Trainee: 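Could you have a look at this structure, given as structure tokens, before my questions?
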Amino acid sequence: MQTYIILLRGINVGGNNLLPMKALTQVLTDAGFSQIKTYIQTGNILLQSPHSSHGSDGAQLERDIAKLIDTHFGFTPNIMQLSLSEFSSAAANNPYKDKPGNTVHCYFCKQLPSPDEARLKELTTSTEEYHIQGRVLYLHAPDGIGRSKLAANIEKCLKVSATARNLNTVNKLLGMVSASV
């Protein structure tokens, strides 16, 4: 069985799209997934899929999980799956390894982005840096992303759907994978 990292977007925010991780873990277990681990309530899931048909077709895995969440919890969040090798590569390719983990954000894109370079540069402050590698945009935002105009407009600039995790979360998920092997 292959290990996947599942990133859910827009759950447990402001009292909307409530999705208790313990209940979700049970639903996924009942559906045949195994080695399920979650990290914090923002939708970070590690699991192994029993279905060989998922293979490299992340779209089918995302559809299966979306259907389970909709059936059991009444809504469908945006879901992004990454194979363990994709996720590990994203962490390894981080150009800001020497920066604090809470200031580096990895934006995982649904497809290869078609960045609007002029708009990216226009929105980047003097303290921010970004780098695009494959389907990941790395953003070093030492002043935080809460007020970052770049962070607020990232999908428009990349022209694809994306979900972000800070480097601390990425490293924690990789550590969880290592601990379960």
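Not measured: the values here are computed from a predicted model.
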Trainee: Would the number of heavy atoms belonging to other residues, nucleotides or ligands and lying under 6.0 Å from NZ of K172 be above 12?
Mentor: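 12 or below, so no.
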
Trainee: Hey, what do you get for CD (E129) to OG1 (T125), rounding to the nearest 0.5 Å?
Mentor: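 Taking CD in E129 and OG1 in T125, the distance rounds to 10.0 Å.
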
Trainee: Pair Q2, S83 - check side-chain contact (heavy atoms from CB on, under 4.5 Å), show working.
Mentor: CA-CA 8 Å; Q2 186 169 348; S83 69; 3.4 Å; yes

Trainee: Give a yes or no on whether the backbone of A141 and the side-chain of E128 come within a donor-acceptor separation of less than 3.5 Å.
Mentor: no

Trainee: Out of curiosity, L24 CG to L19 CG, how far, rounded to the nearest 0.5 Å?
Mentor: 5.0 Å

Trainee: Looking at CG of N17 and CZ of F75, how far apart are the two atoms once the value is rounded to the nearest 0.5 Å?
Mentor: 4.5 Å

Trainee: Let me confirm one number: the CG-CZ distance from L47 to F33, rounded to the nearest 0.5 Å.
Mentor: 6.0 Å

Trainee: Identify the two heavy atoms, one from R9 and one from P77, that lie closest to each other, and give their separation to 0.1 Å.
Mentor: O-CB, 3.7 Å

Trainee: Would you check if Y4 and L61 make a side-chain contact, meaning some heavy-atom pair closer than 4.5 Å?
Mentor: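 Yes, close enough: below the 4.5 Å cut-off.
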
Trainee: May I have the step-by-step check of side-chain hydrogen bond (donor to acceptor under 3.5 Å, both in side chains) for N171 and T169, ending in yes or no?
Mentor: CA-CA 5 Å; N171 289 334; T169 298; over 6 Å; no

Trainee: Hey, is the main chain of A90 close enough, under 3.5 Å, to the side chain of R135 for a donor-acceptor pair?
Mentor: no

Trainee: Do you know which two heavy atoms are closest between T38 and M176, and how far apart they sit?
Mentor: O-CE, 3.5 Å

Trainee: To the nearest 0.5 Å, how far apart are CD in E62 and CE in M80?
Mentor: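 That separation rounds to 7.0 Å.
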
Trainee: Does N44 reach the main-chain N or O of Y39 with its side chain, forming a donor-acceptor pair under 3.5 Å?
Mentor: yes

Trainee: L7 and L82: side-chain contact (heavy atoms from CB on, under 4.5 Å), yes or no, with the steps?
Mentor: CA-CA 8 Å; L7 304 175; L82 295 131; 3.7 Å; yes

Trainee: Is there side-chain contact between L68 and L28, with at least one heavy-atom pair below 4.5 Å?
Mentor: yes

Trainee: Is there a path of hydrophobic side-chain contacts, each under 4.5 Å between heavy atoms, that joins I145 and I40?
Mentor: no

Trainee: Are the side chain of T103 and the backbone of P100 linked by a donor-acceptor contact shorter than 3.5 Å?
Mentor: yes

Trainee: Atom CG of L150 and atom SG of C157: how far apart are they, to the nearest 0.5 Å?
Mentor: 6.0 Å

Trainee: Is the closest basic N to carboxylate O distance between K149 and E122 below 4.0 Å?
Mentor: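 Answer for the salt bridge query: no.
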
Trainee: Measuring only between side-chain heavy atoms, which start at C-beta, is V27 closer than 4.5 Å to I69?
Mentor: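 SC-SC contact between V27 and I69 ruled out.
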
Trainee: Between P113 and K159, is there a side-chain heavy-atom distance shorter than 4.5 Å?
Mentor: no

Trainee: Would a distance-only check, ignoring hydrogens and angles, find a side-chain to backbone donor-acceptor pair under 3.5 Å from N153 to K156?
Mentor: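 The answer is no, because no donor-acceptor pair under 3.5 Å joins these two groups.
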
Trainee: Using modelled atom types and a 3.5 Å cut-off, is there a donor and acceptor pairing between side-chain atoms of S178 and backbone atoms of L174?
Mentor: yes

Trainee: Any side-chain heavy atom of L158 sitting closer than 4.5 Å to one from I132?
Mentor: yes

Trainee: With heavy-atom distances below 4.5 Å as the criterion, would you say the side chains of I11 and T42 are in contact?
Mentor: no

Trainee: Using modelled atom types and a 3.5 Å cut-off, is there a donor and acceptor pairing between side-chain atoms of R165 and backbone atoms of C106?
Mentor: no

Trainee: Determine whether a donor-acceptor pair (N or O, by modelled atom type, separation under 3.5 Å) exists between the side chain of Q26 and the backbone of A23.
Mentor: no

Trainee: Please answer: with hydrophobic residues joined when any side-chain heavy atoms are less than 4.5 Å apart, are L139 and L167 in the same cluster?
Mentor: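 No: no chain of side-chain contacts under 4.5 Å links L139 to L167.
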
Trainee: Once ring-ring contact (aromatic ring centres under 6.0 Å, His included) is applied, what residue pairs with a partner in residues 79-112 remain, sequence neighbours excluded?
Mentor: F87-F108, Y96-H140

Trainee: Are any non-hydrogen side-chain atoms of P142 and K99 less than 4.5 angstrom apart?
Mentor: no

Trainee: Measure the shortest side-chain to side-chain distance between H131 and P95 over non-hydrogen atoms and say whether it is less than 4.5 angstrom.
Mentor: yes

Trainee: Kindly give the heavy-atom pair with the smallest separation between N94 and V104, and that separation in Å.
Mentor: OD1-CG1, 3.9 Å

Trainee: Tell me whether V136 shares a hydrophobic cluster with I154, the cluster being built from Ile, Leu, Val, Met, Phe, Trp, Tyr side chains joined at under 4.5 Å.
Mentor: no

Trainee: Main chain of V177, side chain of K37: is a donor-acceptor contact present, judged purely on distance under 3.5 Å?
Mentor: no

